[in-house]
Amino acid sequence: MKKLIAANWKMNKTVSEAGEYCRELKKSRTKNDVIIFPSFISLPFANSLLGRERCGAQDVFFEGSGSFTGEVSPKMVKEVADYVIIGHSERRALGESDQMLNKKAVASQKAGLKIIFCIGEKKGEDRNFLFKKQISAGLAGVEDVIIAYEPVWAIGTGKTPTKEEIKEAVEFIKSLKNVKVLYGGSVSEKNAKKFLSVCDGLLVGGASLDIAKFLEIANS
Ligand code: PGA
């Protein structure tokens with residue numbers, strides 16, 4: 001079965017750099033399905049090269065329209081992308097609560113976006129207790145969603161859980177909600193295949209910025 005490989009570029013790549021990358025990606029066939037998450041400013045260009053079904057936004061606002069300077073609505077995203085990431089730990093660290101994330105998820109669902117909802121523990125936190133809270137509060141009223149399990153301590157650190165630990169976390173998440181589960185946190189071309197054997201796909205940060213590495217991961 002094909003897996004889902006998502007590239008979270010975070011705050012990297014200008015519009016022209018994004019274009020270069022997308023042209024390369026467009027030329028390449030991959031074993032697994034890929035979705036890229038550029039900055040908002042590069043999304044329309046990425047969409048013109050790859051199509052909406054291979055594009056996503058890294059965040060979204062929860063209101064439909066109005067006086068919200070700097071924000072982007074789900075409807076605006078949907079015109080250029082099918083996917084949205086909600087609840088990345090880097091956004092949670094900026095103060096986004098489970099309640100706010102739930103508003104974003106509900107609004108995104110209403111606009112027809114496919115949601116990748118991130119959950120994950122910090123070092124020392126009770127993982128299963130946290131999962132229950134993040135899922136019940138963040139995804140109340142949200143049915144069609146993909147969950148990304150991203151331990152905060154594994155993001156950008158080169159440290160990862162073992163394959164067995166990921167398997168256990170994925171199974172626990174699936175016991176709470178009927179969802180596909182991606183793994184994210186220091187995924188590389190070296191560990192991708194191993195992790196893919198215990199989950200439905202990967203959310204890749206740093207290693208997704210290099211097209212050659214990302215293609216290797218997408219073909220794992
Ligand atoms: P990383 O980031 O692959 O650079 O660890 C993953 C993420 O934050 O989604």
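In each ligand, atom 1 is the first atom listed, and ligand 1 is the first ligand listed.
The two residues Leu50 and Cys55 make their nearest non-hydrogen contact at CB-SG, 4.4 Å. When all heavy atoms of Ala6 and Phe37 are compared, the pair lying nearest together is CB-CE1, 3.7 Å.
Identified under the side-chain hydrogen bond (donor to acceptor under 3.5 Å, both in side chains) test for residues 25-51, with sequence neighbours left out: Glu24-Lys27. Residue pairs meeting the side-chain hydrogen bond (donor to acceptor under 3.5 Å, both in side chains) criterion with at least one member in residues 65-81, sequence neighbours excluded, are Lys78-Asp82.
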Just the distances, no angles: every ligand 1 N or O to protein N or O pair closer than 3.5 Å, one line each.
{"from": "ligand 1", "atom 1": "2 (O)", "to": "Lys10", "atom 2": "NZ", "distance (Å)": "3.3"}
{"from": "ligand 1", "atom 1": "3 (O)", "to": "Gly205", "atom 2": "N", "distance (Å)": "2.8"}
{"from": "ligand 1", "atom 1": "4 (O)", "to": "Gly206", "atom 2": "N", "distance (Å)": "2.8"}
{"from": "ligand 1", "atom 1": "5 (O)", "to": "Gly156", "atom 2": "N", "distance (Å)": "2.6"}
{"from": "ligand 1", "atom 1": "5 (O)", "to": "Ser186", "atom 2": "N", "distance (Å)": "2.7"}
{"from": "ligand 1", "atom 1": "8 (O)", "to": "Lys10", "atom 2": "NZ", "distance (Å)": "2.7"}
{"from": "ligand 1", "atom 1": "8 (O)", "to": "His88", "atom 2": "NE2", "distance (Å)": "2.7"}
{"from": "ligand 1", "atom 1": "9 (O)", "to": "His88", "atom 2": "NE2", "distance (Å)": "3.2"}
{"from": "ligand 1", "atom 1": "9 (O)", "to": "Glu150", "atom 2": "OE1", "distance (Å)": "3.3"}
{"from": "ligand 1", "atom 1": "9 (O)", "to": "Glu150", "atom 2": "OE2", "distance (Å)": "2.7"}

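There is no path of hydrophobic side-chain contacts, each under 4.5 Å, that joins Tyr83 to Tyr183.
Residues satisfying the side chain to side chain contact (heavy atoms under 4.5 Å, CB included) test with Lys110, not counting sequence neighbours, are none.
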